[in-house]
Number of protein chains: 2
Amino acid sequence: MTRSTGEQQPVQPIHFWFEFASTYSYPAAVRITKVASVAGIEVVWEPFLLGPIFREQGWNDSPFNLYPRKGAYMWRDMERLCEAQGLPFSRPEKFPMNGLLAARVAVLGKDEAWLPDFVRAVYQANFAEGRDIGDPECIADILAALALAADELLERAGQDENKKRLREHNERANALGIFGAPTFSVGSELFWGGDRIGDAVAFARLGPSPEAD
Amino acid sequence: MTRSTGEQQPVQPIHFWFEFASTYSYPAAVRITKVASVAGIEVVWEPFLLGPIFREQGWNDSPFNLYPRKGAYMWRDMERLCEAQGLPFSRPEKFPMNGLLAARVAVLGKDEAWLPDFVRAVYQANFAEGRDIGDPECIADILAALALAADELLERAGQDENKKRLREHNERANALGIFGAPTFSVGSELFWGGDRIGDAVAFARLGPSPEAD
């Protein structure tokens, strides 16, 4: 990429890649809206599934279960992060939950104003209320609480066309080289982890430095 | 831990756990000194070896080699981080290097004023100059450049008593539940990753919040 000095760069959107079973995506889903809003940056919400990506790496479970030290650290870290952000948190008895249904609803609502509220409500159900987000009743409750037509949305979420859209999200995540959640992408540039929101924002505003072109 | 309101808390030191083969420990070894100095916090430098800890998790190589996507991300991320910090960086042909000898020297110099400079010079040799830090000649050069008695230090580094001190560092890392580098510890609290220096500093200054006790 070549850039003339003094030329105004368009601010690029940040793509926020999240998986509903991912603990660290929960505080990130709250922070990204605030941080991007202050910075005047558009957020594109990108639901995807980590399961197929983990399986490619040879994992049939969350690395937080496969590697107990990482898991112990993560649960303590989540307590701290949620407390620092003023978010309710309670370690769920079952982890990870099945986020497939919620991801299908999120893909369906990708361009809808209710999407961020839906996403945050699902994370809160999973990581604060101990509800099973794989249960259609739980997702229906969340949609109803947002004054949405739960039955209709759940039906449309399960239709082939919508399933295909979620698969396309996963293919794009794969093509970008995404391996965990949350991940922020700006163009082809990845920032992995909620603690890298600031770096993603800086990159979106400033672009790559000329040396890195 | 109980705390009376208004009582002045002593600021706890931050223990900086680093492994010489660890990429992300390089920019962290530069930043920790600056950040802690501004915050008025003591840093305890804690060299350790990741190899034995990785082997316990079933890894016989760096996860950045075992999981190519993570590796591709990490190398790009290192470019960005070093550029942002104004640090020289060049991806070494061989990764990971053997950090055992350097770790032994670091343990020997644990309470010496030259330790931080030695540590940063080893990282620069590895991740900017493409030198083999497992080669005693490389470590001798670094010590000599710091006006230290290289031959004597290398000899003392290899003595049983010093080897034992490094093993004790690893045992303490194990007991803390450390699983990667860099890690910052404050008491029993862990912060994993260079991007968490700020959180470690805040914790060292403020301690756990009363709710978390």
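Because only heavy atoms are used, hydrogens play no part in the values below, and waters and symmetry mates are left out as well, while side chains stay in. Chain identifiers are assigned alphabetically (A, B, ...) following the order of the sequence lines, protein sequences preceding nucleic acid strands; residue numbering begins at 1 within each chain.
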- Query: Only one of A:Thr23, A:Val122, A:Ile133 forms a side-chain contact (heavy atoms from CB on, under 4.5 Å) with A:Phe127, so which one is it?
  - Reply: A:Thr23
- Query: Centroid-to-centroid, A:Phe179 to B:Tyr67, below 6.0 Å?
  - Reply: no
- Item | Check: B:Phe203 ring centroid to B:Phe191 ring centroid under 6.0 Å | yes
- Query: For B:Met78 and B:Tyr26, what are the C-alpha separation, side-chain angles and deciding distance, and is it a side chain to side chain contact (heavy atoms under 4.5 Å, CB included)?
  - Reply: CA-CA 9 Å; B:Met78 278 295 291; B:Tyr26 166 36; 4.0 Å; yes
- The reported gap from CD1 in A:Ile41 to CZ in A:Phe184 (rounded to nearest 0.5 angstrom) is 11.5 Å
- To the nearest 0.5 angstrom, please state how far the CG atom of A:Leu190 sits from the CZ atom of B:Arg80. 7.5 Å
- Check each atom of B:Leu81 against the heavy atoms of chain A and say whether the ones under 4.5 Å are side chain, backbone, both or neither. side chain
- Among residues 52-62 of chain B, which ones touch chain A with a heavy-atom distance under 4.5 Å? B:Ile53, B:Glu56, B:Gln57, B:Trp59
